[in-house]
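A quick write-up on the structure given underneath.
Sequence lines set the chain letters: A, B, ... in the order given, protein chains first and strands last, and positions in each chain run from 1.
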Number of protein chains: 2
Amino acid sequence: MSAEPSRPTMIDVAKRAGVGLGTVSRVVNGGAGVRAETASRVHAAIEALGFQRNEVARALRPGKKSASLALVIGDLTNPFYATIAKASLEVAAQSGFAVVLGSVDEDPEGEKRAIRELVGRQVAGLMIVPDQGDHSFLAGAGVPVVFLDRPAHGIEADIVMVDNEGGGRLATEHLLGQGHQRIAILLAPSYYTTGRRLRGYRRAHRTAGLTVDESLVVQLPEGTTEAAEKATGELMDRPSPPTAIFASTNFVAEGVLRALRLVADQPAVVGFDDFRMADMLPTPVTVVASDTEELGRTAATLLLGRAAGTNTRPPQRIILPCALIPRGSGERPPFS
Amino acid sequence: MSAEPSRPTMIDVAKRAGVGLGTVSRVVNGGAGVRAETASRVHAAIEALGFQRNEVARALRPGKKSASLALVIGDLTNPFYATIAKASLEVAAQSGFAVVLGSVDEDPEGEKRAIRELVGRQVAGLMIVPDQGDHSFLAGAGVPVVFLDRPAHGIEADIVMVDNEGGGRLATEHLLGQGHQRIAILLAPSYYTTGRRLRGYRRAHRTAGLTVDESLVVQLPEGTTEAAEKATGELMDRPSPPTAIFASTNFVAEGVLRALRLVADQPAVVGFDDFRMADMLPTPVTVVASDTEELGRTAATLLLGRAAGTNTRPPQRIILPCALIPRGSGERPPFS
DNA sequence: CCCCGTGCCCGAAACGTTTCCAAAGCAAAC
DNA sequence: GTTTGCTTTGGAAACGTTTCGGGCACGGGG
């Protein structure tokens with residue numbers, strides 16, 4: 001057993017450079033108020049010892065939060081979430097912040113535990129894509145919070161999201177404009193976003209003077225491609241199938257497209273959120289999409305402002321617009 | 001300006017429960033050697049105050065690393081990396097570890113800085129998808145390291161990677177088996193993995209008694225779809241274009257497919273690494289792939305073992321196998 | 001009655017940094 | 001020569017936890 005070669009501390013550096021502890025600290029933090037000659041001696045000692053500041057000890061001082069942001073987010077395999085993670089990571093990195101990923105169980109209880117954990121780590125701020133359930137326990141945590149993609153209950157905080165209702169309306173209006181009358185909507189059980197998209201769907205119908213056939217509003221048991229595939233198959237097997245489908249999610253859209261490979265009369269399809277290869281499929285997929293990177297960037301920027309105390313405005317609600325990207329699948333006319 | 005409602009500490013809890021500081025600590029850490037009655041009083045106080053252990057202070061004690069792993073990885077938007085992140089995150093979470101994402105600049109210098117940062121945060125271990133360049137500076141850090149996907153220079157450490165050469169051979173043999181003689185290989189400039197895949201390509205040729213036409217070995221300036229698309233276009237415009245293309249990366253494969261939309265004589269295509277929708281494209285894409293989740297899981301498990309001191313074996317090199325998934329694009333016969 | 005375990009609990013020390021106060025050096029002004 | 005003020009430096013306190021050496025109370029054995 002060799003003795004653990006414990007990393008050198010500022011004290012070691014101070015001894016070696018023949019200066020006081022405080023001086024080393026000052027040099028490490030930018031070196032204001034230190035003679036150049038002294039500073040260079042300290043730097044030499046740091047170099048020689050391979051000293052590396054212990055961020056943990058640094059963060060212990062009151063007021064100094066650790067320079068990290070927490071990100072509590074769903075399945076990174078979903079390009080929507082991955083894009084958010086990437087964008088926020090980039091913004092954070094520019095300010096010298098690291099990003100801590102919380103464990104991402106699906107149940108609200110796991111989410112709560114993960115968040116507690118993160119708060120205990122003294123992160124400077126939290127970015128959360130909230131599950132359903134109450135988030136009031138965050139109120140007293142003394143950490144700024146920004147919610148992404150959907151609001152949370154029980155707490156006033158910044159939130160950055162997409163114009164779900166507008167997007168839903170856009171998609172539906174587009175399909176109605178092609179002459180479709182029987183438009184199905186497949187909803188992943190994601191509660192809030194899904195609800196708003198449905199609302200847009202309804203509003204588009206109302207505006208057009210149509211009533212929606214409730215049997216075409218399909219609530220999926222899961223947000224997976226498999227569930228969507230199955231539901232789509234059943235939908236198209238009905239006596240009078242829909243002539244168009246609005247898929248409320250990128251995974252749902254994928255499932256829909258899979259199911260449709262076996263179908264003779266191809267309905268029009270519009271998805272929500274863009275995805276890779278959407279334009280490469282046999283008939284390119286029309287989607288309603290927003291700038292997901294912008295969403296992540298905005299949230300991170302906002303949070304950094306809060307964490308730094310620069311931004312003291314009341315909680316903001318930022319809503320990013322959606323645009324329709326016609327590619328083919330949404331422009332198919334109604335069959336029969 | 002309301003006074004910052006600083007979070008309660010163990011001292012506050014101790015006062016409120018009418019016990020000593022040490023007792024609170026024991027209760028919080030499992031409560032061995034504390035009378036049940038006392039423990040419940042402490043728990044009540046914790047509940048009442050909303051106490052949350054300060055992990056930073058905890059990690060300050062010598063030996064105690066913070067319960068977090070660092071992950072230094074490329075673009076999360078790349079499903080390959082996203083999958084690794086997800087899998088390792090899950091494993092870490094099971095052991096109560098969080099995952100810190102390092103800033104992911106592309107240049108080696110940025111990577112080095114990011115790693116230093118992470119080491120300073122007292123993470124319990126590092127998972128790194130290494131850039132080229134020397135990583136010997138990690139040797140003295142006193143933190144266990146696991147490299148993913150490619151080895152690093154200047155340091156002995158565990159590494160988990162894919163059988164790149166075998167995969168390259170598999171892909172090439174498959175194409176040769178279809179009667180292709182002019183097989184192009186498009187290489188993203190990722191140095192190591194790319195080099196091994198090329199080696200597999202060469203070996204397959206040699207085994208088949210063929211010499212490779214060096215003009216068909218295309219080194220891309222970038223690993224982007226755009227670069228691959230451009231190169232593919234040029235490739236197919238040659239007087240005698242290849243009848244098959246081996247794309248060394250998922251992004252490269254995408255670029256190839258984009259370019260091929262405009263081409264009359266469709267070459268066979270095999271990609272490296274699977275990707276979403278590969279089976280949904282007009283002609284489904286044949287790929288060589290390995291279990292990326294397994295890669296992430298293995299690395300995380302290995303690292304946790306090192307961090308806990310459970311695993312003291314000499315550094316391991318784990319190589320995951322690749323399998324060919326025929327879907328259509330790789331089974332196209334040579335044209336003309 | 002004394003001694004010694006055995007549980008349970010207390011509180012000080014230590015971890016490595018930042019920050020604050022004071023001291024020291026020095027130059028300029030008187 | 002003294003004062004004043006500024007720059008540079010040293011060192012102690014504080015951050016919130018874990019850990020460790022005791023202390024106290026109680027009970028049983030001698």
- Would you confirm whether B:T9, through its side chain, and B:I11, through its main-chain N or O, come within 3.5 Å as a donor-acceptor pair? yes
- Note on the structure: For nucleotides 4-17 of chain D, 5' to 3', base contacts (B), sugar-phosphate-only contacts (S) and non-contacts (-) with protein non-hydrogen atoms under 4.0 Å give ----SBBB--BBBB
- Query: Is B:R113 salt-bridged to B:E109, cutoff N-O under 4.0 Å?
  - Reply: no
- Query: So, A:E293 and A:R297, do they make that salt bridge, N to O below 4.0 Å?
  - Reply: yes
- B:E47, CD: over 12 other non-hydrogen atoms inside 6.0 angstrom: no
- Message: Quick check: do A:I115 and A:L138 have side-chain heavy atoms less than 4.5 Å from each other?
- Response: yes
